[in-house]
Amino acid sequence: MVFGSEEKRSYRMVQIIDGKAISATIKEELKEKVAAMKTEGTQVCLAVIQVGDDPASSVYVGNKKKACAFVGIESLAYELPESTTQEELLSLIEKLNADSKVNGILVQLPLPAHIDENKVIETISPAKDVDGFHPQSVGRLCIGQKGYVSCTPAGIIQLLKRSGIAIEGKECVVIGRSNIVGKPMSLLMLRENATVTVAHSRTQNLKEVCKRADILIVAVGKPKMITPEYVKEGAVVIDVGIHRNEGGKLCGDVDFDAVMPHCSAITPVPGGVGPMTIAMLMNNCVESAVLSKQL
Ligand code: GUN
């Protein structure tokens with residue numbers, strides 16, 4: 001009997017990477033660590049600043065506060081009005097920089113248009129930069145020194161490692177070159193000894209480039225853009241995108257149902273990369289208690 005390719009494929013197990021479960025495990029581990037630190041007299045504390053009341057930002061900030069409460073990290077919430085001036089925001093950051101009780105400072109992005117985002121990021125003390133956005137943190141990552149790493153790419157490394165996926169020597173293609181995801185992601189994969197290509201909106205022959213990837217990491221911001229023509233048989237596909245379609249259902253940058261049968265492992269949306277970002281923020285806050293003394 002001759003099997004069609006669809007029938008052959010159905011014999012292979014595809015690993016659906018459960019980011020929700022991995023994130024929960026990391027938070028449990030951190031909870032124990034924070035409790036142990038407390039008995040030694042160290043309380044981890046994160047300051048979270050939101051300017052304005054963008055609904056999506058309010059949801060993210062609420063989730064960060066909830067995660068802090070679960071792990072045992074104290075959170076200081078600063079909910080500032082949209083009309084806050086840049087000077088007012090910078091002086092709050094400077095006050096928190098000087099407060100020895102505060103280990104981490106997070107300013108939720110995006111900020112209102114009248115505030116210079118780069119100036120804000122640069123004002124946060126590198127020792128308290130738990131988002132990993134400060135130029136010093138990015139520079140340290142680039143030259144292989146210890147420091148804070150942007151939470152979403154750091155979470156993807158954890159997803160791969162905790163799913164038993166080898167990175168060393170693999171062809172990795174990252175689509176997207178943002179400061180928050182694409183660039184740090186490529187540096188982290190390089191640090192793990194992958195061969196890394198960074199593709200972006202001007203890349204020629206994108207499908208062919210992506211088809212080379214053993215590990216394809218997608219952060220393009222376009223719903224279901226990645227179809228099977230972009231994916232090598234047996235590749236690992238990591239989807240950073242999150243979108244709400246017309247029916248109110250969440251989807252990623254990858255057409256999950258179409259791509260999944262071609263993969264050896266894939267992250268779903270929701271429940272893949274998303275939950276890892278907050279877990280890694282909590283990890284950075286806990287690390288800060290130790291790391292801030294070394295920077
Ligand atoms: N806005 C969207 N994602 C993030 C993030 O990871 N950190 C901050 N500070 N703002 C964001």
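All ligand and atom numbering here is 1-based and tracks the order in the structure. Owing to the predicted nature of the structure, the values given are computational and were not obtained by experimental measurement. For the single chain, residues carry numbers from 1 onward in sequence order.
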*Can E287 and K33 be counted as an ion pair, charged N to O under 4.0 angstrom?*
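Result for this pair is yes, salt bridge flagged.
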*Give a yes or no on whether a salt bridge exists between E171 and K232, defined as a side-chain N under 4.0 angstrom from a carboxylate O.*
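Answer for the salt bridge query: no.
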_Identified side chain to side chain donor-acceptor pair (under 3.5 Å) counterpart of Q108 within the set E79, K64, Q50_ =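 The passing option is K64.
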*asked:* My understanding is that we take every heavy atom of each candidate and find the minimum distance to atom 5 (C) of ligand 1. Doing that for L111, D131, V120, V130, which one comes out nearest?
replied: D131
_Protein heavy atom at shortest distance from atom 4 (C) of ligand 1_ =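 Going atom by atom, the protein heavy atom closest to atom 4 (C) of ligand 1 ends up being Q108 NE2, 4.2 Å.
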*What residue and atom, counting heavy atoms only, is the protein's closest point to atom 1 (N) of ligand 1, and at what distance?*
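Ranking protein heavy atoms by distance from atom 1 (N) of ligand 1, first comes L109 O, 2.9 Å.
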*Is the CG atom of D99 crowded by more than 12 outside heavy atoms at less than 6.0 Å?*
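Atom CG in D99 is crowded, with more than 12 foreign heavy atoms closer than 6.0 Å.
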_Per-atom contacts of ligand 1 with V107, taking only distances under 4.0 Å to non-hydrogen atoms_ = 8 (C), 9 (N)
*Contact check, Y60 vs ligand 1, heavy-atom distance below 4.0 Å*: no
*Establish, from distance only, whether the side-chain atoms of E40 and T42 form a donor-acceptor pair under 3.5 Å.*
no
